[in-house]
Asks: 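Quick one: the structure is below, and I'll ask about it shortly.
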There are 2 protein chains.
Amino acid sequence: MRTKEGNKDKDILEAAVKVFAEYGYHKSKISKIAEVANVATGSVYVYFKNKEDILLRIFEELWEKLFHEYRKIARGKELQPANKFDKMIDMIFDLFTENPALAMVFVNEQNHLMLTNEDQFTKNYDKFLDEGIFVIKEGISDGTFSKDLDLAIFRHYIFGAIRNLLHNWAKEPRNFTLNNIRQNIKYLTMNGIKN
Amino acid sequence: MRTKEGNKDKDILEAAVKVFAEYGYHKSKISKIAEVANVATGSVYVYFKNKEDILLRIFEELWEKLFHEYRKIARGKELQPANKFDKMIDMIFDLFTENPALAMVFVNEQNHLMLTNEDQFTKNYDKFLDEGIFVIKEGISDGTFSKDLDLAIFRHYIFGAIRNLLHNWAKEPRNFTLNNIRQNIKYLTMNGIKN
DNA sequence: TTTATTTTTGAATCATTATTCAATTATGGT
DNA sequence: ACCATAATTGAATAATGATTCAAAAATAAA
């Protein structure tokens, strides 16, 4: 028999991230992804059910990673709520610093996935945000954060802000430094704009 | 000769907003838009160059409206910066209360337009945000807002937060009231989450 | 009414690409 | 070396849906 030549599924996934980031999901051709991955077009279908499935797996891996990191931070005993919150922001920025193309796909292709796989997507999104909210609740209990917060709203507020900033950064990295964005998000979220 | 039967271009535009909102741009068929607009498929091409052009016009009209309203608020002499800011938030929420489907298209199809028409899109987006930033600068001058704000970052922060909340509201209106979202955005942006 | 002109129509065409699959190639065991 | 099996290939197929266009319908003017 014959053995596999390497990690084609990983190659394809990584190629897809690059291609989706550059062209967007709909303008990305399977043949292009195959080319970038250095495999034949047909091979893509050995490892993935279809084009959709590729995007799905990219998001699944990403959510998986984000969720576990967040859970670890949220459930830790050492840090104060405010520091946990800080660390959560850091974590997401570190991840995207390492892989800007992934950031691009993450912020841009959400919508497509929601239309085709809303349930699955929402489930992961909620699980992820819940860990953040866990920390906020802790902070409300101990007086760090305002008890008037509407958590159902705040979760989308902060996520939207981060997502949009990452998007604009990925699009035009020279306009901002990720580090600067990260610090500003922390400050704005904590203190707002008033003097 | 023959006269036009009505405002087919307006009908098509309105139908497209509905259809795009429900299915997303890529899954929206011209034939479906035509059906909803009560015109023949071919008629769409009398009024619009192609599918892309329809989306483009939806956004152009919207930006036009948003920009003029924002400019009026920003350049007014009566209100204080903080009140202008309030009014700007109100304006956007009022607009989307009137037309939730438009909100959906606005928040979801940005990305597609950016890939195909980035320059035009960015120009409108920037013009719009600049009016908001004008007010923030005013407020920094008179001491209402913190002079440490990084405006290049804040503009994307607030826009992203609003966009994501509108998206989630449009997707599941019964989870939130728009009025509640609006108040929370004002509060969070002004004061942050700290106690 | 008839005619000239413009609008409207929707089935046929065309283009694009996702997907399939028969052929080919590589590997490990015998 | 040869065989059996699995992996890989990429050209052919199929499906979708945007776009076109020749025909039909409606209107206003003559």
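Naming convention: chains lettered A, B, ... in sequence-line order (proteins, then strands); numbering from 1 in each chain. These numbers come from the heavy atoms of this one structure, side chains and all, not from hydrogens, waters or symmetry mates.
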Asks: Atom NE2 of B:H112 and atom C1' of D:dA18: how far apart are they, to the nearest Å?
Replies: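 In whole Å, D:dA18 C1' lies 13 Å from B:H112 NE2.
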Asks: Quick one: label B:Y47 by what it contacts on the DNA or RNA (base, sugar-phosphate, nothing), any heavy atom closer than 4.0 Å.
Replies: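 Sugar-phosphate contact only - B:Y47 comes under 4.0 Å of backbone atoms but never of a base.
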Asks: Can you find a side chain N or O atom of B:K29 that sits less than 4.0 Å from OP1 or OP2 on D:dA18?
Replies: no
Asks: Can you tell me the distance, in whole Å, between the CG atom of B:N50 and the C1' atom of D:dT20?
Replies: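 To the nearest whole Å, that distance equals 13 Å.
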Asks: Roughly how many Å is it from CD1 in B:I30 to P in D:dT19, rounded to a whole number?
Replies: 6 Å
Asks: Using heavy atoms to find the nearest nucleotide of DNA chain C for A:G42 and B:N38 separately, return the residue whose nucleotide is more 5′.
Replies: B:N38
Asks: Kindly point out which of C:dT9, D:dA18, D:dG10 is positioned nearest to the side chain of A:T41?
Replies: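 Output: D:dG10.
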Asks: Measure the distance from CD on A:E35 to C1' on D:dT9 and round it to the nearest whole Å.
Replies: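 It works out to 15 Å between those atoms.
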Asks: When the distance from CG of B:D9 to C1' of C:dT7 is rounded to whole Å, what number comes out?
Replies: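 Going from CG in B:D9 over to C1' in C:dT7 covers 13 Å.
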Asks: Taking the basic N atoms (NZ, or NE/NH1/NH2) and the acidic carboxylate oxygens, is any pair closer than 4.0 Å for B:K27 and B:E22?
Replies: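 Result for this pair is no, no salt bridge flagged.
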Asks: Answer yes or no: does a side-chain N or O of A:Y45 lie under 4.0 Å from OP1 or OP2 of C:dT19?
Replies: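 Looking at the OP1 and OP2 atoms of C:dT19, one of them is under 4.0 Å from a side-chain N or O of A:Y45.
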Asks: Classify B:V44 by what it touches in the nucleic acid, base, sugar-phosphate, or nothing, heavy-atom distance under 4.0 Å.
Replies: nothing
Asks: Tell me whether the OP1 or OP2 atom of D:dT8 has a side-chain N or O from A:S43 closer than 4.0 Å.
Replies: no
Asks: Could you check how far NE2 of B:H26 sits from P of D:dA15, rounded to whole Å?
Replies: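 Rounded to whole Å, this separation is 23 Å.
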Asks: Determine the sole option in A:R75, A:K87, A:K137, A:K84 for which the salt bridge (Lys or Arg N to Asp or Glu O under 4.0 Å) test with A:E131 is passed.
Replies: A:R75
Asks: For the pair made of CZ in B:F48 and P in D:dA18, what is the distance, rounded to whole Å?
Replies: 15 Å
Asks: Kindly confirm or rule out a cation-pi arrangement of B:K8 over B:Y47, judged by NZ or CZ under 6.0 Å from the six-membered ring centre and within 45° of its axis?
Replies: no
Asks: Closest to the A:A40 side chain: D:dA18, D:dG10, C:dT19?
Replies: D:dG10
Asks: Salt bridge check, B:R182 against B:D94: does any charged N sit closer than 4.0 Å to a carboxylate O?
Replies: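 A salt bridge is present here (some side-chain N lies under 4.0 Å from a carboxylate O).
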Asks: Kindly confirm or rule out a cation-pi arrangement of A:K51 over A:Y25, judged by NZ or CZ under 6.0 Å from the six-membered ring centre and within 45° of its axis?
Replies: yes
Asks: Taking only side-chain N and O atoms of A:K8, does any of them lie within less than 4.0 angstrom of OP1 or OP2 on D:dA7?
Replies: no
Asks: Report the distance from atom NZ of B:K27 to atom P of D:dA15, rounded to the nearest whole Å.
Replies: 18 Å
